[in-house]
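Below is one structure. I have some questions about it.
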Amino acid sequence: RWARCLAPFRHRECEILEVGCWEGGSTVFFANFIPKSLVVCVDSFRGGQDQLDDPATKQLVQDVEGHFDYNVAEFGSRIEKCVGDSAMCLSRLKSEGRNFDVVYIDASHRRDDVLI
């Protein structure tokens, strides 16, 4: 489905905003599928409360940012990372006048966070 939806961007220079990138799986997809893209990734790398409350996933949160860095290393300057709370990072990007061709939101799974 992503390939079909993103086909118009495949051979264009574009900027992608990914809010919530976790270990970078979707980031790697974007960078590979749209080779002229810049992917701006926003994440706190602390995990959400649902992950921190679950002992099975709490350990996974320990080095999420390190896993992300490793997974996207091959793309170098095509990946821009904004570490912090989504609202803070998005406010900064807005104040910089940044615009994006594609926005993918997969951060907090709580309604109020998504609305903000």
Side-chain angles (χ1 to χ4, degrees):
R1 289 183 184 175
W2 282 21
R4 188 173 59 247
C5 291
L6 296 170
F9 300 96
R10 176 108 186 170
H11 302 291
R12 292 181 34 199
E13 287 185 18
C14 68
E15 291 195 24
I16 299 168
L17 174 63
E18 181 177 10
V19 182
C21 52
W22 195 240
E23 291 184 329
S26 50
T27 309
V28 169
F29 170 81
F30 288 129
N32 277 319
F33 189 76
I34 308 173
K36 296 179 184 178
S37 64
L38 168 70
V39 185
V40 178
C41 301
V42 172
D43 206 302
S44 69
F45 296 104
R46 292 187 315 262
Q49 195 59 49
D50 51 336
Q51 289 139 343
L52 296 174
D53 289 341
D54 181 353
T57 58
K58 188 174 183 177
Q59 183 63 34
L60 294 174
V61 177
Q62 297 298 324
D63 195 27
V64 166
E65 186 174 5
H67 293 178
F68 173 84
D69 292 341
Y70 177 82
N71 290 334
V72 302
E74 70 180 281
F75 302 104
S77 63
R78 291 187 45 223
I79 307 299
E80 182 181 323
K81 185 169 69 170
C82 182
V83 179
D85 174 83
S86 298
M88 183 233 8
C89 288
L90 294 172
S91 178
R92 189 194 92 208
L93 292 168
K94 182 179 178 184
S95 72
E96 293 172 358
R98 301 288 295 271
N99 291 298
F100 298 92
D101 301 289
V102 175
V103 177
Y104 176 59
I105 301 175
D106 188 24
S108 173
H109 301 154
R110 295 176 182 217
R111 180 187 59 95
D112 290 346
D113 292 340
V114 174
L115 288 172
I116 290 169

Carefully, step by step, assess F100 and C14 under the rule side chain to side chain contact (heavy atoms under 4.5 Å, CB included). CA-CA 7 Å; F100 298 92; C14 68; over 6 Å; no
Taking all non-hydrogen atoms of both residues into account, name the closest pair between R4 and P8 and its distance. O-CD, 4.2 Å
Write down the atom of A31, the atom of R78, and the distance for their closest heavy-atom approach. O-NH2, 2.8 Å
With a 4.5 Å heavy-atom cut-off, do L6 and F30 have their side chains touching? yes
Kindly determine whether V40 and L93 satisfy side chain to side chain contact (heavy atoms under 4.5 Å, CB included), including the steps that lead there. CA-CA 10 Å; V40 178; L93 292 168; 4.2 Å; yes
Between the side chains of D43 and K81, is the shortest nitrogen-to-carboxylate-oxygen separation below 4.0 Å, so that they form an ion pair? no
Co-membership, hydrophobic cluster, residues L38 and V83, 4.5 Å side-chain: no
Answer yes or no: is there an ion pair linking R98 with E80, defined by an N-O contact shorter than 4.0 Å? yes
Going from OG1 on T27 to OH on Y104, what distance comes out if it is rounded to the nearest 0.5 angstrom? 9.5 Å
Shared ILVMFWY cluster between V102 and L17, side chains joined below 4.5 angstrom? no
Heavy-atom closest pair, residues V42 and C89: CG1-CB, 3.6 Å
Could you tell me whether the side chain of D101 and the main chain of E15 form a donor-acceptor pair under 3.5 Å? yes
So, for S86 and V19, which heavy atoms are closest and what is the spacing to 0.1 Å? OG-CG1, 3.6 Å
One should read off an interatomic distance between L90 CG and I105 CD1, to the nearest 0.5 angstrom, of 8.0 Å
Is V72 reachable from V64 through a run of I, L, V, M, F, W or Y residues, each pair having side-chain heavy atoms under 4.5 Å apart? yes
I would like to know whether W22 and D106 meet side chain to side chain contact (heavy atoms under 4.5 Å, CB included); could you show each step before the answer? CA-CA 9 Å; W22 195 240; D106 188 24; over 6 Å; no
Please report the closest heavy-atom contact between I79 and C41, naming both atoms and the distance. CG2-SG, 4.1 Å
From CD (E23) to CZ (F68), nearest 0.5 Å: 10.5 Å
Closest heavy-atom contact between R92 and S95? O-OG, 2.8 Å
Is the W2-F33 ring centre distance short of 6.0 angstrom? no
Between N32 and F75, is the side chain to side chain contact (heavy atoms under 4.5 Å, CB included) condition met? List the steps. CA-CA 9 Å; N32 277 319; F75 302 104; 3.6 Å; yes
Side chain S37, main chain V39, donor-acceptor under 3.5 Å: no
